[in-house]
Student: 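Take this structure, written in structure tokens, and hold onto it; I'll ask about it next.
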Amino acid sequence: MANSPESSRKRPRADRQSRHSQASESPRGMTTRSRSQSIANLAAKAAKTESSQSAGEQRRKTTKAAQTEEQPTHNGAETAAGVSQTDHTDDAGNTSDDESVSGLEDDVLTVEVIRDAKSDDELLAKLGLVFSDPCTLARSFPQTDAVLASDCPVDVAAVHKAYKLIFNRGSEKVLDDLRILTIGAVSMLNSEPCDEHNNQMNAVLILLLNPMINEYKHPSNDAYLFSDLCSAILGQPPAQRSALMRYFTVDDGVCADAPAKNDMPSGMDGSTSEGPASTSAQTYDGDGENAPFGRYVAIFQSYITREVNRAARNTPQAAASINGAAPAEPTTQKVSLYMLSGNSSNGSSNSHNGHALPLVAQCLALMNNYNNAHNVVSYSVFYNNAVNEHIDIKEDVPRFRMPDGLSFCSYPFLLSPTTKSEIIRIESVILMRTELQDSFFRAMFSGVTCPYLVLEVRRDSLVRDTLYQLDLKLSQDLRKQLKVRFVGEEGVDEGGVQKEFFQLIVRDVFAPKYGIFKANDDSPYYWFSPQSDLSKDALEEIRLTGQLIGLAVYNAVILDIHLPPAMYKKLLGVPVTRDDLCDVDPALHHGLMQLLRLSEEELEFLDRNFEVEYDNVGELRTFELIPNGAHTPLTIANRELFIDKYAEFVFDKSCEKQFLAFKSGFDRICGPSYVRFMRPREIELLVCGCSDLDFAALEGSTIYDGGYTKTTKVIQYFWQVVSEFTDHLKRKLLFFATSSDRVPIGGLSKLHFVIAKNGGDSDRLPTSHTCFNVLLLPEYSTIDKLRERLLTAIHNSEGFGMI
């Protein structure tokens, strides 16, 4: 798997110096660092110039000094170190001129300094002085508001204004030197960590706010600078990285003051030769969320998006021209992180930039971890559309299982629920094939063994037959492909029978007669019945119920179950809070929240202690929320604790044995799978599917066979009738055609649905091949006849036969 941010942040200092010095060599025969130092020295000389000098004299001296210092440097690493190793004292111990310049505390950048620069040379001298020293850069744009400075010492809005002023000058010389200075500054951040000041994240923040930071390249090898900046972030101590994450949440003033792309000179808007950058920090719109944090996420996402899209565009024009053939149309291809990291045999990816993708992803991982802890923005902000569209799952999943494999699967926050469900499906297929092969080998040496997990059940004893047979199966048997056969029916299970089987058994398991789950009149969700005295057989039934749901996930069957989000949180080990009570028992949640509005006298009138009463199979029992809770009265001082302990009782104490049994059964099937990298809401979608019955999307993705097309009259009749159906009838139609009334992750457009011709006009009912989601529809002559025949079929849709 890909290296974690923590394990990859430490690298030998000498290696970093060598890499950055080689990568920073400019076409003019000098290193980027030496040119940055040249500009800094110009600033030093300008600072010592007498105020009476004319502007022309200063310009002539500045130009002459630049010509003198722009000489090739033979050792880039030595130049990189030269900034911090310059002699500051002579033999007598006197301070040199260089120290007097670099030690000036007032030589930092502000909006006023940039605005008041009368010429490009004057501006570049100021920029060079600051960018040549990360510590000086870190002290620039200080936040003068004491309250805001406690959150972020950098005035982010002022940084935006400063960049806007620089880009609005329209000077190619200024913009080119800003690029060179930025490259040098990033190089210093990587090779010369400042032990004296712990504020290098301030410098990183200022560099990140440059609207062109994602487009700067090293002149020598065409590699993007952004990966080096990510390396600098990962190379900082954890406390500094955490501080940077906190800075990302501070209001950045971007709406009013950020340099919009239209304000930039031509060619400096973030576009490249391959097309415009697909994601910009200025385009994020976090409605009701922390928009600044989302814009920083977009900066890192845009790098990944660009590299993935570039690798996915397979343009064979070059090869065609070599062979003398006509250029072919551009096509797209699936990509893996392994290929993007320079391991592709077709050379479709730039190894310099592709190799940096793990570094960028690791920075996003830092932001994702911070967001998980502080809930700054929606987790969907981290989904990367380009990765989800072009990922080669069949290549990435096996590499994810390797100890040092490079895989997008190592960064699950980038992947959408649809992609994650496909990863789980691929994992299941691989395991099923492995078990199938092992079964054949075992049959050769130890006799006949069934290559499938076969369940033979009776419809009138579905739960009992299923749980009994599952209890007899070995763990290796549960990883085989499932085949279900209903006793007395001829249907052959190619997927459709098992879908109906899961629909029916889940309906029975959640029935009140089994007593495993209970419903609330005010909630659509089920939760465990609070029982303190459970028999071993009862716990075994609960364990097998969890195992049954795990089998559905493993076999890619969507279930019609109504478990609250708290259940999926607990399955993943995510803490459950008082707010989750609203899903399980809205009335209880409302009552507990009302306690926060009561006065001391009203609480005293309630006469409540730290204990609750609950129904244990008809017997009323009490439970102390804290030690000696029966004698601890509820007051204003402890009501917050009372609410939290009550929620803990509902989700933990009252059902501890039941949940542990349920989880052990679920984990027996799904524990080793990619399910553990999903979010609670994503697992809910994986188990229950999507709730959106968008039949217009289904109509757009439907395939027609047997002579039908979307313009055939009976097809037009069909969709007109279906559009008039209620949601209840639409679900019955889905169940009739696919053996499941659930919508897959991603919506009905992801359902492979086929309508095939089944003869001419007749009185026959429509039929279906539920294993393959095929609806067999006769060519009815009128819309009324189609409506009557279709309704009759979907109202009588249980059972299987051979057609």
Side-chain angles (χ1 to χ4, degrees), residues 424 427-511 513-517 528 534-557 559 561 571 657-673 675 687 739 800:
I424 293 171
E427 281 185 328
S428 299
V429 169
I430 293 174
L431 287 174
M432 288 177 185
R433 288 177 179 173
T434 301
E435 289 300 324
L436 183 63
Q437 293 172 356
D438 291 347
S439 295
F440 286 124
F441 282 115
R442 284 194 294 267
M444 294 173 61
F445 299 101
S446 60
V448 177
T449 59
C450 182
Y452 302 106
L453 172 61
V454 179
L455 297 178
E456 295 189 16
V457 295
R458 297 166 293 178
R459 286 186 180 268
D460 58 354
S461 185
L462 200 57
V463 175
R464 184 183 298 275
D465 289 352
T466 301
L467 297 184
Y468 174 75
Q469 293 180 54
L470 286 178
D471 193 33
L472 299 177
K473 301 298 182 182
L474 301 175
S475 295
Q476 63 192 36
D477 294 328
L478 297 176
R479 290 192 290 269
K480 297 176 181 178
Q481 184 178 352
L482 178 64
K483 297 287 186 180
V484 177
R485 188 174 75 86
F486 287 104
V487 176
E489 299 183 18
E490 298 178 337
V492 176
D493 189 6
E494 293 295 337
V497 179
Q498 66 178 255
K499 285 191 287 186
E500 182 179 5
F501 159 76
F502 278 112
Q503 288 280 99
L504 298 177
I505 194 171
V506 163
R507 184 178 62 189
D508 288 348
V509 164
F510 281 82
K513 65 179 180 179
Y514 286 100
I516 298 176
F517 299 97
F528 294 108
L534 285 169
S535 65
K536 183 178 179 180
D537 291 339
L539 289 174
E540 185 64 15
E541 287 184 356
I542 296 174
R543 185 187 68 82
L544 292 172
T545 301
Q547 190 170 290
L548 187 68
I549 295 176
L551 270 178
V553 172
Y554 184 72
N555 288 274
V557 177
L559 302 177
I561 61 175
L571 286 173
K657 294 180 180 178
Q658 297 97 306
F659 174 75
L660 289 177
F662 181 87
K663 186 177 186 301
S664 67
F666 182 83
D667 287 347
R668 189 183 182 192
I669 308 296
C670 296
S673 74
V675 168
V687 173
S739 276
F800 287 88

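Every heavy atom of this structure was used, including side-chain atoms; hydrogens, water molecules and symmetry mates were not.
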Student: CZ of R485 to CZ of F501: how many Å apart, nearest 0.5 Å?
Tutor: 13.5 Å
Student: Is there a side-chain contact (heavy atoms from CB on, under 4.5 Å) between V484 and E500 once you walk through the steps?
Tutor: CA-CA 10 Å; V484 177; E500 182 179 5; over 6 Å; no
Student: When rounded to the nearest 0.5 angstrom, what distance separates CZ in F502 from CD1 in I505?
Tutor: 8.0 Å
Student: For the backbone of V463 and the side chain of T466, can you confirm whether one donor and one acceptor N or O come within less than 3.5 Å of each other?
Tutor: no
Student: Side chains of F486 and L462: closer than 4.5 Å at any heavy-atom pair?
Tutor: yes
Student: Measure the acute angle between the ring planes of F528 and F662, then classify it against the limits of 30° and 60° as parallel, tilted or perpendicular.
Tutor: perpendicular
Student: Is the closest side-chain heavy-atom distance between K480 and L436 below 4.5 Å?
Tutor: no
Student: Please identify each residue that fulfils ring-ring contact (aromatic ring centres under 6.0 Å, His included) with F659, with sequence neighbours left out.
Tutor: none
Student: Compare every heavy atom of C670 with every heavy atom of S673, then report the nearest pair and how far apart it is.
Tutor: OG-O, 2.8 Å
Student: Heavy-atom distance under 4.5 Å between the side chains of L431 and E435, does that happen here?
Tutor: no
Student: Please determine whether side-chain contact (heavy atoms from CB on, under 4.5 Å) holds for the pair L455 and D465, giving the CA-CA distance in whole Å, both sets of side-chain angles, and the decisive distance to 0.1 Å.
Tutor: CA-CA 8 Å; L455 297 178; D465 289 352; over 6 Å; no
Student: What is the distance from atom CD of Q503 to atom CD1 of I561, rounded to the nearest 0.5 Å?
Tutor: 10.5 Å
Student: Side chains of L539 and K657: does their closest heavy-atom pair fall under 4.5 Å?
Tutor: yes
Student: Nearest heavy-atom pair of L478 and L470: which atoms, and what distance?
Tutor: CD2-CD2, 4.0 Å
Student: Would you tabulate the side-chain donor-acceptor contacts of residues 542-557 under 3.5 Å, counting partners in other chains and residues two or more places apart, or write 'none'?
Tutor:
from: R543; atom 1: NE; to: E540; atom 2: OE1; distance (Å): 3.2
from: R543; atom 1: NE; to: E540; atom 2: OE2; distance (Å): 3.2
from: R543; atom 1: NH1; to: Q547; atom 2: OE1; distance (Å): 3.2
from: R543; atom 1: NH2; to: E540; atom 2: OE2; distance (Å): 2.4
from: T545; atom 1: OG1; to: E541; atom 2: O; distance (Å): 2.8
from: Q547; atom 1: OE1; to: R668; atom 2: NH1; distance (Å): 3.0
from: Y554; atom 1: OH; to: R479; atom 2: O; distance (Å): 2.6
from: N555; atom 1: OD1; to: L482; atom 2: N; distance (Å): 3.4
from: N555; atom 1: ND2; to: L551; atom 2: O; distance (Å): 2.8

